[in-house]
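Structure first, then comments.
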Amino acid sequence: MNGTGTLRELFQRARRHDRGITYAARSGESDWTSYAELGNRMDLLAERLKQEQLRPNFIGAVWMAPTPECLAVIGAVILAGGIPLPIHSYMPEQDMLRLIRKFEPEAVFVSEEKLPILAEWNIQGEELPFYLYGGMASGPIAGISAAPRPVRRYTPPEAVRMIFLSSGSTGEPKGIMLSDHNMLSNVDAILDYTTLCDEDIVLLSKSLGYCSTIVGEWFAAMASGANLVLSGGFVHPFEMIQCVRTNKVTFLCTVPSAILPLIHSAKWAAEDLLTLRQLLIVGGPMPDVMLLRLADRLPHVRLTPSYGLTEASPRVSYLPYTQLRTKPQSAGIPINGVELAIVQDGREAATGQSGEVVVRGPNVMIGYYDDPDRTREILGPLGLHTRDTGYLDEDGYLHLTGRTDNALLVGGHTIYPEAVESVLLSFPGVPDAAVSAVEDLQWGHRLIAVVVSDVSTEPVKSPELHAWCVKRLSPALRPREFRFVTALPRTASGKLDRKALKSMVKEEEHVHRA
Amino acid sequence: MSIEHEELFFKVRETIAVVAKRLTSEVELDHTLVDDLGIDSIQILELLSALEDTFGFELDVDDIRPESFRSVQAVLHFVERKVAS
């Protein structure tokens, strides 16, 4: 494919009758759709969308449960000339409203179970300026009045084919605009290092709101002719084992937190995952001791830690299986067509020297949606600044060491403490709050909220704060512990002292554990 | 309810309460974990390992069924079954 062509062409071409998607719901229900049938569904909806005479390059926000219907809708938006904006199915409703205001989608697609939420918005007088679709069903939806907006504030560049969301330090998600070439060049490079083929069965279990799921699993499977198994996600890794066993999965891409509990359990054996041939680990580093322990227990599986970010469509590097035992702590070498550099003080650093990881290649995004300032900040003359720090060793292997900003990793999600803090500060009776983290073997980081309690009023309690967060934050963003203090550490200029906060939280952690 | 059963029920409620950051008295038999107690996917995993520690069993691959962790009642049945075996 050579990264050329378009997604539209991929959807037209990948229509085999003998390959397709098995939908394996958590309830145990299972259903098969061939790629040909999925293509027909895309065509039908795309035709209807064209009849609505939506603006060329309209934005279609897709807030749906992870089902084949959701994939068909994303495909239909592309075939109709639109730009899909996939949204995590678990996105809290207030965040969804904010997204609608920011991205002004001309069309919004929601699963049936979400319709009451929109009806409620209607009752509250919220304007719904878009065509609303209950999944693939078009036409007016009873009880909800929605009408499209005639103009939009910002028009994405012509080449934008999809927009993905990524968390931002202000608490507001960033819209990452990717072109056909961005995504298809990444698909090519992924197929190259994974050697996915039409004998494979790919398990897709991460949220469909992630670029990594859409490009690295769905598009990669379609492009290689591999079958897909779509699951509604797993709570426990044993469910993943059951799914692999039942559906004879050969290829799986997951985050460290989803497999780490397996390493601690003696209750499964390699035979349970006999069909699996390749396991990609994305979304954060896996401790090298754990990686090797897993490799020992799964000698027939090629474990492949991979590194990337949505701004790079998303894959950047991978650790070849042959180097797993010699460099288990490394994020590997760049994928085909991509170049890596380490930049320190505006210059490329020498081998072994630390700095910011910078990426160059056809996978680097067009820019952030309606945010030229931030786009300029991150897309410099040297390439895409990842905000990850690290170094390249003498063999050219990347080693990640930290971040240039405050971002934390929780179960594969990049979390900015600022986003959590704004929700805590909106709780009545919380005068000040900050979020830090301690290292966590399973999740990467465990978020800890440090809350100032106002002595003049009724003290705020953990359960109330937790309940507040449950309504407003997705699970990975919720603090797992609340600690109460009289004041937060601040610098001489009054800024929150995150370093002092971190050591405070860490010290107390020792006391708690002791 | 026999004494053992009552004790087991209390311990299950207590374990769920700790994970859900609630008082034991706030956890009722007919409560659902997600909707009534606000337990999220990360806490379900915490709950499973807390149950293993408290009751001294180890989960098997086929133990994990979504319906086993829908309500306090379901968790109680699950623990009873594991303890008995």
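In what follows, every chain begins at residue 1, and chains take the letters A, B, ... in the order their sequences are listed. Scope of the values below: all heavy atoms of this structure, side chains included, with no hydrogens, waters or symmetry mates.
- When the side-chain contact (heavy atoms from CB on, under 4.5 Å) test is applied to A:A295, the partners found at least two apart in sequence or on another chain are A:L303, A:L324, A:R325.
- The ring-ring contact (aromatic ring centres under 6.0 Å, His included) contacts involving residues 61-85 of chain B comprise B:F69-B:F78, where partners must be two or more places apart or lie in separate chains.
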Which N or O donor-acceptor pairs, by atom type, sit under 3.5 Å across chain B and chain A?
residue: B:K21; atom: NZ; partner: A:R480; partner atom: O; Å: 3.1
residue: B:D40; atom: OD1; partner: A:R480; partner atom: NH1; Å: 3.2
residue: B:D40; atom: OD2; partner: A:R478; partner atom: NH1; Å: 2.8
residue: B:D40; atom: OD2; partner: A:R480; partner atom: NH1; Å: 3.2
residue: B:D40; atom: OD2; partner: A:R480; partner atom: NH2; Å: 3.0
residue: B:Q43; atom: NE2; partner: A:H466; partner atom: NE2; Å: 3.3
residue: B:D60; atom: OD1; partner: A:K267; partner atom: NZ; Å: 3.3
residue: B:V61; atom: O; partner: A:Q242; partner atom: NE2; Å: 2.7
residue: B:D62; atom: OD1; partner: A:R245; partner atom: NH2; Å: 2.5
residue: B:D62; atom: OD2; partner: A:R245; partner atom: NH2; Å: 3.4
residue: B:I64; atom: O; partner: A:Q242; partner atom: NE2; Å: 3.1
residue: B:R65; atom: NH1; partner: A:Q242; partner atom: OE1; Å: 3.1

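- Residues forming a ring pair (Phe, Tyr, Trp, His ring centres under 6.0 Å) with A:F482 (at least two apart in sequence, or on another chain): none.
- For a residue to count as touching a neighbouring chain, one of its non-hydrogen atoms must lie under 4.5 Å from one of that chain's; by this rule B:L23 does not touch chain A.
- Residues A:A476 and B:I42 come closest through the heavy atom pair CA-CD1, 4.1 Å.
- Of the two parts of A:V235, the backbone and the side chain both hold a non-hydrogen atom closer than 4.5 Å to a non-hydrogen atom of chain B.
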